[in-house]
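Just so you know, these numbers use all the heavy atoms, side chains as well, and skip hydrogens, waters and symmetry mates. Below, chains carry the letters A, B, ... as their sequence lines are ordered, and counting in each starts from 1.
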Amino acid sequence: MPSTFNEKCYELLMQIPKGKVVTYGDIAHALGTKAYQAVGNAMGANPNPIVVPCHRVIKGNGEIGNYALGIGKKIELLQNEGIEICNNKVVNFKACRFVFPPKLM
DNA sequence: ATGTTGACCTAGA
DNA sequence: CTCTAGGCCAACA
């Protein structure tokens, strides 16, 4: 059970399938808030970069953004997922954009 | 409670 | 394209 905001972000990140990417804004929106920066901060806090695929999170304009282990590492991971990267930007980024499942109610 | 910072976003010039 | 300005929220000192 998530106790802090970052925990919620990690939960969403783990829901992202392979070969898909999301933006910080999408995560914030999925959480029902606009704390884009809070999401980025949560990634920066990244306590377990293994169970949490933070490398699948990019900026809203298609750029890679940043990564705790380094941008280069993030690019390699994304390419390893099958995503094309060029000049620190995602190719066909909207085609790889993943949408979180809406909350049933 | 206050002030600062941050892996951000949008708009305007 | 680059730069400036505003907004928006959570974590930390």
Side-chain angles (χ1 to χ4, degrees):
Chain A
M1 55 198 295
S3 9
T4 54
F5 186 84
N6 17 351
E7 289 285 329
K8 298 179 184 178
C9 299
Y10 307 146
E11 291 286 308
L12 292 175
L13 294 182
M14 288 190 286
Q15 293 178 64
I16 303 175
K18 184 171 75 74
K20 291 290 182 179
V21 292
V22 290
T23 68
Y24 299 94
D26 283 353
I27 296 175
H29 189 72
L31 293 175
T33 180
K34 303 113 187 167
Y36 327 101
Q37 301 199 311
V39 175
N41 272 343
M43 303 297 97
N46 191 359
N48 31 1
I50 310 301
V51 293
V52 181
C54 318
H55 59 270
R56 289 180 190 152
V57 187
I58 61 178
K59 298 210 301 187
N61 63 317
E63 292 183 23
I64 304 297
N66 277 302
Y67 192 51
L69 305 182
I71 311 253
K73 187 67 177 181
K74 187 170 183 175
I75 293 174
E76 290 198 24
L77 287 168
L78 289 172
Q79 290 182 334
N80 190 12
E81 297 287 322
I83 301 173
E84 300 179 60
I85 310 296
C86 184
N87 192 15
N88 292 352
K89 299 188 193 66
V90 179
V91 180
N92 299 339
F93 130 76
K94 13 188 233 59
C96 304
R97 204 204 259 236
F98 170 74
V99 184
F100 291 103
K103 207 163 69 168
L104 274 59
M105 41 186 256

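In this structure, A:L69 places its CG atom 12 Å from C1' of B:dA7, rounding to the nearest Å. Between the CG atom of A:L12 and the P atom of C:dA10 there is a distance of 15 Å, rounded to whole Å. One can place CG of A:N6 at 13 Å from C1' of B:dA7, the figure rounded to the nearest angstrom. A straight line from CG of A:N88 to C1' of B:dA7 spans 13 Å, rounded to a whole angstrom. Atom pair A:F5:CZ and B:dA7:P shows a separation of 15 Å (rounding to whole Å applied).
Counting all heavy atoms, side chain and backbone alike, A:G65 lies closest to A:I71 at O-CD1, 3.0 Å. When every heavy atom of A:I64 is checked against every heavy atom of A:K74, the shortest pair comes out as O-NZ, 3.0 Å. For the pair A:I16 and A:R56, the tightest heavy-atom approach, listed with the atom from each and the gap, is O-NH1, 2.8 Å. Taking both residues in full, the closest heavy atoms of A:K73 and A:L69 are given as CB-O, 3.8 Å, listed atom of the first, atom of the second, then distance.
The hydrophobic clustering, which links ILVMFWY residues whose side-chain heavy atoms are closer than 4.5 Å, places A:Y10 and A:L12 together.
More than 12 heavy-atom neighbours from other residues, nucleotides or ligands sit within 6.0 angstrom of NZ on A:K20.
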Check: What string of B, S and - do you get for nucleotides 8-13 of chain B, 5' to 3', if B is base contact, S is sugar-phosphate-only contact and - is no contact with any protein heavy atom under 4.0 Å?
Finding: BS----

Scan nucleotides 3-6 of chain C against the protein and return all N/O pairs shorter than 3.5 Å with their distances rounded to 0.1 Å.
none

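Residues A:I27 and A:F100 form a side-chain contact, since some pair of their non-hydrogen atoms from C-beta on lies under 4.5 Å apart. In this structure the side chain of A:I75 reaches within 4.5 angstrom of the side chain of A:N88, judged on heavy atoms.
Within the nucleic acid shown, A:A68 comes within 4.0 Å of at least one base atom, counting heavy atoms only.
Here the OG1 atom belonging to A:T23 is positioned 12.5 Å from the CZ atom belonging to A:F98, to the nearest 0.5 angstrom.
A sub-4.0 Å separation between OP1 or OP2 of C:dC9 and a side-chain N or O of A:N41 is absent.
When the P atom is used for both C:dG7 and B:dA7, the distance is 22 Å, rounded to whole Å.
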